[in-house]
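This report refers to the structure that appears directly beneath it.
Counting starts at 1 for both ligands and their atoms, following the listed order.
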Amino acid sequence: MDAARALAERAVEAARTLTNNGERADDHQVVVERVAYAATEARVLAELAQVPSTVKAAADVAAAELAASIRNRLEPVAGALGLGNILYPVDQPPADVEEVGAAAIASAGRLAWPLDEVLEEVRSNVRAFAEREVAPHAEHIHTHDDLVPERFITEMGKLGYFGLSIPEAYGGHELGNLAMILTTEELSRASLAAAGSLITRPEILAKALLAGGTEDQKAHWLPKLASGEVMAAISVTEPNTGSDVASVSCRAEKVAGGYSITGAKAWCTFAGRADVIALLARTSEGGAKGLTLFIVDKPRFDGHEFTATQKGGGTLTGKADRTPGYRGMHSFTIAFENWFVPDSQVVGGEAGLGRGFALQMAGFAAGRLQTGGRACGVTSAALEATARYVAERKQFGRPIGEYGLTRYHLGRMASRLVAARAITYAAAQAMDGDERKAAPVAAMAKLFSCDVAVEVTQLGQLLHGGWGYAEEYPISRYVADAQVLPIFEGVKPILALKVVGRSLLGR
Ligand SMILES: Cc1cc2nc3c(=O)[nH]c(=O)nc-3n(C[C@H](O)[C@H](O)[C@H](O)COP(=O)(O)OP(=O)(O)OC[C@H]3O[C@@H](n4cnc5c(N)ncnc54)[C@H](O)[C@@H]3O)c2cc1C
């Protein structure tokens, strides 16, 4: 483990030299991506040393796998980085992994992870709510592409789930980011789309407001977000602009008393039901410095298409794009035409003009952390479903969970979940301190945990055989849902290159 971490550190140092402290990162994208990912894995390795003793055996399996992965990831670019011989032995006896798998099957995939009294209570209350209210409806919402039922939102609002990281002074519960992550994880374990992801949007907007809203805006909006009275959608992406956020072109023109918005946006999740859209729009030329964040009011709609008209003639239309998973909130292509927004809803007021990019990034740091929690929830669900299935399914006269290879796979699945939790929980605690400093580790948590969710759900599907492909088995939903995780809030290659990579290489 020490050799692996030392190698990752050497690689980061060499990449700094190669790219002139990140200035020439784009000339060496493949190297930077590999180094960023290896450094992420090294950070996970470090966090694995802190996990509870109840999951120590799984953590050891994860650590050995990460040590091998760091070496394999860097090997093809060792020459470009001038690292010399990077080989070190990694010993992982299959029997150790099988033992972790056998334990995971015996516990039906539930990994004991003790917490302090308050967090334990948070987790068990959310679990009870999610199992009682959400889980029984998750399959129906997915297969019918229904909208999240209104009672989920009302109940979650009453239980305070939208305000877990909003300060008490603004109507939140201030239980901290780990409580928010545990809540997210339990809700996502029941349904990524119909429960766990409802928390993402208030998290992003609340953090942007806390970072740059005026006092009046914080006092007005944060309590409403915390209670669920106001549900938000986030609108950054456009049909022709995704990762290159600085090129956003939807325009906000100054008019009497406010701004008039005109332009198209894409992939605006929950835009139909939402009461407000946190909109990144262009108020002047000049790339990122010409962008401003607005809180745009709109009426609620519950279908897959909508049209709204303002008294002054402004229109807002939306049409949901069909997706194989992540159903329940619906993600819309929307178009604004002379849609009026008052001056009071420019985030940060006059001083907020041109600060939208920075405020959006502050929001995204929170969103990425929260997405690490969402990924852990989907991964837990897949591990549990698979552990139950392999204990029951018999082939060649024995439950398939008794075969060494099945146990090995389950052992890897459990160890990957432990690793994803280790970095996500650590990132949550770090975000309770200096959020700017913690943002890179939140990005690492998102990068790593979302890959784990994809990998574990797919392995789980494989272990279900043909039934894993049937819609009536929840594992097929977990696979479809997990696949969106590495795409949003910084698609994986960009997250590695431009968020994690930049944070590592810049001095
Ligand atoms: C279901 C779903 C829900 C979403 N919800 C929201 C939402 O609520 N609000 C919102 O604003 N957005 C949302 N998004 C949009 C999401 O954030 C974007 O899809 C994502 O940021 C990537 O942008 P893009 O799709 O335009 O891909 P692009 O930016 O076109 O990237 C595609 C690929 O091009 C490559 N690439 C791009 N630039 C570079 C580069 N400089 N160097 C090397 N390779 C590069 C990468 O391989 C990348 O994966 C959602 C997306 C989905 C699928």
Can a protein heavy atom be found under 4.0 Å away from [atom]?
atom: atom 32 (C) of ligand 1; result: no
atom: atom 6 (C) of ligand 1; result: yes
atom: atom 49 (O) of ligand 1; result: yes
atom: atom 10 (C) of ligand 1; result: yes

Regarding [atom]: of the candidates [options], which has the closest heavy atom?
atom: atom 1 (C) of ligand 1; options: Val491, Val484, Asp244, Leu495; value: Val484
atom: atom 18 (C) of ligand 1; options: Thr200, Thr237, Ile204, Ile234; value: Thr237
atom: atom 53 (C) of ligand 1; options: Phe332, Phe270, Trp267; value: Trp267

Distance under 4.0 Å to a non-hydrogen atom of [X]: what atoms of ligand 1 satisfy this?
X: Gly242; value: 23 (O), 24 (P), 26 (O), 29 (O)
X: Gln29; value: 42 (N), 43 (C)
X: Glu489; value: 17 (O)
X: Arg201; value: 8 (O)
X: Thr269; value: 3 (C), 4 (C), 5 (N), 6 (C), 7 (C), 8 (O)

Using a 4.0 Å heavy-atom cut-off, which part of Phe488 comes near ligand 1: side chain, backbone, both, or neither? both
Where does Ile494 meet ligand 1, judged by heavy-atom distances below 4.0 Å: at the side chain, the backbone, both, or neither? side chain
Partner set under ring-ring contact (aromatic ring centres under 6.0 Å, His included) for Phe294, not counting sequence neighbours: Tyr259
Residues that Phe364 engages under ring-ring contact (aromatic ring centres under 6.0 Å, His included), provided they are two or more places apart: none
Would you say Lys492 contacts ligand 1, with heavy atoms under 4.0 Å as the rule? no
Is the shortest distance from a heavy atom of Lys498 to ligand 1 less than 4.0 Å? yes
Starting from atom 47 (O) of ligand 1, what is the nearest protein heavy atom, named by residue and atom, and what distance separates them? Pro493 CG, 3.5 Å
In the protein, what heavy atom is nearest to atom 20 (C) of ligand 1, and what distance, to one decimal place, separates them? Ile487 O, 3.6 Å
Assess, by modelled atom type and distance only, whether the side chains of [X] and [Y] contain a donor and an acceptor separated by less than 3.5 Å.
X: Asn177; Y: Gln429; value: no
X: Glu471; Y: Ser476; value: no
X: Thr315; Y: Gln310; value: no

Parallel, tilted or perpendicular: which describes the rings of His144 and His140, with under 30° parallel and over 60° perpendicular? parallel
Using 30° and 60° as the class boundaries, would you call the ring planes of Phe152 and His137 parallel, tilted or perpendicular? tilted
So, are [X] and [Y] salt-bridged, with charged N and O less than 4.0 Å apart?
X: Glu139; Y: Arg477; result: yes
X: Arg201; Y: Glu203; result: no
X: Arg273; Y: Asp302; result: no
X: Asp244; Y: Lys498; result: no
X: Asp481; Y: Arg374; result: no

Under 3.5 Å between any N/O of Ser243 and any N/O of ligand 1: does that happen in this structure? yes
